[in-house]
Colleague: 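One structure follows; several queries about it will come next.
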Amino acid sequence: MGRFVSVLAVALFATPAHAATGEPVNPWVALAYLVAGVFFILALRGLSSPSTSRRGNRFGMAGMLIAVVTTLVTHDVANLVEIAIAIAIGGLIGFLIARRIAMTAMPELVAAFHSLVGLAAVLVGWAAYLNPGAFGLLTADGGIGAVSKVEMGLGIAIGAITFSGSVIAFAKLSGRMSGSPILLPARHVINLGTLAAIIVLTALFAMTTGPAETLPLIVALTVLAFVIGFLLIIPIGGADMPVVVSMLNSYSGWAAAAMGFTLGNTAMIITGALVGSSGAILSYIMCRAMNRSFLSVIAGGFGADDAAAGGEAKEQRPYKQGSADDAAFMLEQADKVIIIPGYGMAVAQAQHALREMTDILEEKGVEVKFAIHPVAGRMPGHMNVLLAEASVDYDKVFELEDINSEFAQADVAFIIGANDVVNPAAKTDKSSPIYGMPVFDVDKAKQVFFIKRSMGGVGYAGVDNDVFYMDQTMMLLSDAKKMVEEIVKALD
Amino acid sequence: MDFISILSIFVLACFVGYYVVWSVTPALHTPLMAVTNAISSVIIVGALIAAAEAGSPAAKWLGLAGVVLASVNIFGGFAVTERMLAMYKKKEKK
């Protein structure tokens, strides 16, 4: 290890830092940024299991501290007080938000945080444009190199898209804006045209020199990028938000990476690549779990006819309705119960009541497991966090592919606030919009309890669910939290 | 650093990211998003440079604004991740 470090140090000594300005590089600075980058890798690595995750998070914090301190000690800081105040203000706001936010509001918080990264990238890009000397970007003739300008333009564009896209995602997730898709006519033409314009502007920006010539280009580039971010997200419906949030996560990473290229900073590049891949993989997992292509999600419009389908008077099919007492009685008799939570559980804040119910059932010798679909909720892993908040043991929480075979042995499948993820039409009905999506085989369980506010509403995909009408299904029509509380009372 | 060295680091880091992220348990995908959010605020490095260096008052103020935004994210992101991770536990008592 020591030998590795010394070899690395020699290698770093040999590399010029700012090739453009000819300044000698300080290898220790580069090394410090590298260490920060490695710590960020370890931060993500820790998340492979809950038991190592907190140590991982500490690595992340340490990495950030190293990066910030290294930056401050290696620059002639003219405004240390102002910087300290800026960090204190931002830190305090962030800390208070983190303390107070409800776990159910996590998707919108993450969207809001993404928007800040995006905006920060835009600001840094602009600062580098206005004061290239500070970033070592000046070429011999006093301008900015073409490559640097491409990186700068890309960083600003991706940052701006991340910002405005995340603001819209935040507004939709927090209910400040309707979750239904807003479809502009000819939106694909508008979007592709705007994207093309951004690429052309970046190229022009890189090729022109002189502040008077480049300024209008970079202004236009920034404005168009803000606009495209907005346009890209408004046609996407609420149910597709897990993909959007993951995608914006990815973008915020690419924005950081682009800035890392501009600054030649290893920590930023490594982080950008990590975050970029992370968001991309999460988007992929979400799309696969819905059996939809990434492009079809981004093209938007899914669930646009939600209201129309729900309002339509369908043929009335008979279903069985039960009470909390009925449910409690049968739950008590069961040997094995599998609970399937969905977004409705989050909305009703039913996770604590649900855990109480689980505790009572376990005391009575019933085996209880939780089954989580990858797209349950509004962001990847949303249900897991809510169950963890209610102190449900994570050993009892299973992913789709790990538990799906167990429904055949289950006495009760207990569906709370989920719908599309248990819809057998995904397996059988080729015309269904959710056809091909992997779903839970709840029809194999001996009994199905389905907590739902009313029979009127259908899932986000706007399709009827045959599970409602099965012989072994009992509909528990009520607010999820109230129903579970009543079951708990009946069990006692 | 020259462009190719930077590109090499970037490409290799993408591969590292790919394998590391696939090994993250799905149960921790929400904390993963929160922590990636926090670490992508390493962009604060750029904001600090802009804020620290003399030369352009406009760049300085943009930098300071960037420092505020990134700090919200860094402190908020790590704190909320910590809060979430603290909730994941195995039950001691029945």
Side-chain angles (χ1 to χ4, degrees), chain A residues 19 40 44-45 47-48 50 53-54 57 60-61 67 71 75 77-78 83 86-87 89-91 93-95 97-98 110 113 116-117 119-121 123-124 126-127 130-131 133-134 249 252-253 256 259 263-264 267-271 273-275 277-278 281 380-381 384-385 388-389 393-394 399, chain B residues 1-3 6 9-10 13-14 16-18 20-21 23-24 26-30 32-33 35-37 39-43 45-56 58-59 62-76 78-82 84-85 87-88 90-91:
Chain A
F40 291 147
L44 299 198
R45 181 74 194 127
L47 291 174
S48 58
S53 59
R54 294 182 78 182
N57 200 34
M61 293 181 200
T71 311
H75 288 82
V77 184
I83 290 176
I87 294 180
I89 295 173
I93 298 173
F95 198 70
I97 295 174
V110 167
F113 278 172
L116 298 183
V117 179
L119 194 55
L123 295 177
V124 173
W126 266 88
L130 293 171
N131 190 7
N249 184 242
S252 68
M259 284 301 144
L263 273 61
M268 277 164 88
I269 292 167
I270 295 180
T271 314
L274 287 178
V275 179
S277 340
S278 164
I281 291 173
N384 303 77
V385 170
E389 185 199 10
D393 186 343
Y394 62 77
E399 301 301 315
Chain B
M1 266 192 274
D2 61 301
F3 183 73
I6 298 181
I9 294 173
F10 176 70
C14 282
V16 172
Y18 180 85
V20 169
V21 172
S23 76
V24 171
L28 293 176
H29 276 164
T30 296
L32 170 69
M33 297 195 92
V35 82
T36 48
N37 215 325
I39 64 173
S40 59
S41 303
V42 71
I43 200 148
V45 166
L48 285 171
I49 296 173
E53 295 271 343
S56 161
L62 289 177
L64 284 173
V67 171
V68 174
L69 295 179
S71 304
V72 172
N73 237 329
I74 293 171
F75 284 81
F78 281 125
V80 87
T81 309
E82 191 72 19
M84 279 192 274
L85 293 177
M87 299 186 314
Y88 282 83
K90 291 187 199 182
K91 220 177 295 171

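Predicted model, so just to flag it, every value in this text is computed and none were measured. In what follows, chains are A, B, ... by sequence order, proteins preceding strands, each numbered from 1.
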Colleague: In terms of heavy-atom proximity below 4.5 Å to chain A, should B/Val45 be classed as side chain, backbone, both, or neither?
Modeller: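 The answer is both parts of B/Val45.
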Colleague: Which of the residues B/Val20, B/Val16, B/Leu28 is involved in the greatest number of heavy-atom pairs with chain A at under 4.5 angstrom?
Modeller: B/Leu28
Colleague: Measure across A/Gly381 and B/His29 and return the closest heavy-atom pair with its distance rounded to 0.1 Å.
Modeller: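 Scanning both residues completely, I find the closest heavy atoms to be N-CB, 4.0 Å.
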Colleague: Which of the residues B/Gly63, B/Ala27, B/Gly17, B/Ala13 is involved in the greatest number of heavy-atom pairs with chain A at under 4.5 angstrom?
Modeller: B/Ala27
Colleague: List the residues meeting salt bridge (charged side-chain N to carboxylate O under 4.0 Å, His left out) with B/Glu82, not counting sequence neighbours, and say none if there are none.
Modeller: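 For B/Glu82, the residues satisfying salt bridge (charged side-chain N to carboxylate O under 4.0 Å, His left out) (neighbours in sequence not counted) are A/Arg54, A/Arg58.
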Colleague: Would you mind checking which part of A/Thr71 comes under 4.5 Å of any heavy atom in chain B, side chain (CB onward), backbone (N, CA, C, O), both or neither?
Modeller: side chain
Colleague: What are the two closest non-hydrogen atoms of B/Ser40 and A/Ala256, and how far apart are they?
Modeller: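 Reported closest heavy-atom pair: O-CB, 3.8 Å.
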Colleague: So which residue, B/Ala47, B/Gly46, B/Ser41, ends up with the most heavy-atom pairs under 4.5 Å with chain A?
Modeller: B/Gly46
Colleague: Check whether A/Glu389 gets within reach of chain B through its side chain, its backbone, both or neither, counting any heavy atom under 4.5 Å.
Modeller: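 Its backbone and side chain both get close to chain B.
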Colleague: Please rank A/Asn131, A/Val124, A/Asn249 by heavy-atom pairs under 4.5 Å with chain B and give me the top one.
Modeller: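 Option with the top pair count is A/Asn131.
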Colleague: Looking at every heavy atom in both A/Asn384 and B/Pro26, which two are closest together, and how far apart are they?
Modeller: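 Smallest heavy-atom distance, with atoms named: OD1-O, 4.3 Å.
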Colleague: Among A/Val275, A/Leu130, A/Ile89, single out the residue with the greatest number of heavy-atom pairs under 4.5 Å to chain B.
Modeller: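 Answer, by heavy-atom pair count under 4.5 Å with chain B: A/Val275.
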Colleague: Using a cut-off of under 4.5 Å for heavy-atom pairs, which of A/Ile97, A/Val117, A/Val110 has the most such pairs with chain B?
Modeller: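 Highest number of pairs under 4.5 Å: A/Val117.
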Colleague: For chain A, which candidate among B/Ile39, B/Leu32, B/Val80, B/Leu62 shows the most heavy-atom pairs at distances under 4.5 Å?
Modeller: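 Going by pairs under 4.5 Å, I would pick B/Ile39.
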Colleague: Can you tell which of A/Ile83, A/Ile281, A/Leu274 has the highest number of heavy-atom pairs within less than 4.5 Å of chain B?
Modeller: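 Ranked by contacts with chain B, first place is A/Ile281.
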Colleague: What are the two closest heavy atoms between B/Ile43 and A/Ala120, and how far apart are they?
Modeller: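 In terms of heavy atoms, the two residues are closest at CG2-CB, 4.0 Å.
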Colleague: Please table the atom pairs, donor to acceptor, closer than 3.5 Å between any side-chain atom in residues 64-75 of chain B and protein atoms at least two apart or in another chain.
Modeller:
unit_1: B/Ser71; atom_1: OG; unit_2: B/Val67; atom_2: O; d: 2.6
unit_1: B/Asn73; atom_1: ND2; unit_2: A/Phe113; atom_2: O; d: 2.9

Colleague: Using a cut-off of under 4.5 Å on heavy-atom pairs, state which of A/Gly60, A/Gly90, A/Ser53, A/Gly253 scores highest against chain B.
Modeller: A/Gly90
Colleague: Sub-3.5 Å donor-acceptor pair from the side chain of A/Ser278 to the main-chain atoms of B/Val21, do we have one?
Modeller: no
Colleague: With rounding to the nearest 0.5 Å, note down the distance linking CE in A/Met259 to CG in A/Leu123.
Modeller: 9.5 Å
Colleague: What option among A/Asn57, A/Leu116, A/Thr271 has the most heavy-atom pairs under 4.5 Å with chain B?
Modeller: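 That would be A/Asn57.
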Colleague: Counting only non-hydrogen atoms closer than 4.5 Å, does A/Met268 touch chain B with its backbone (N, CA, C, O), its side chain (CB onward), both, or neither?
Modeller: both
Colleague: How many angstroms lie between atom CD1 of A/Ile269 and atom SG of B/Cys14, to the nearest 0.5 angstrom?
Modeller: 10.5 Å
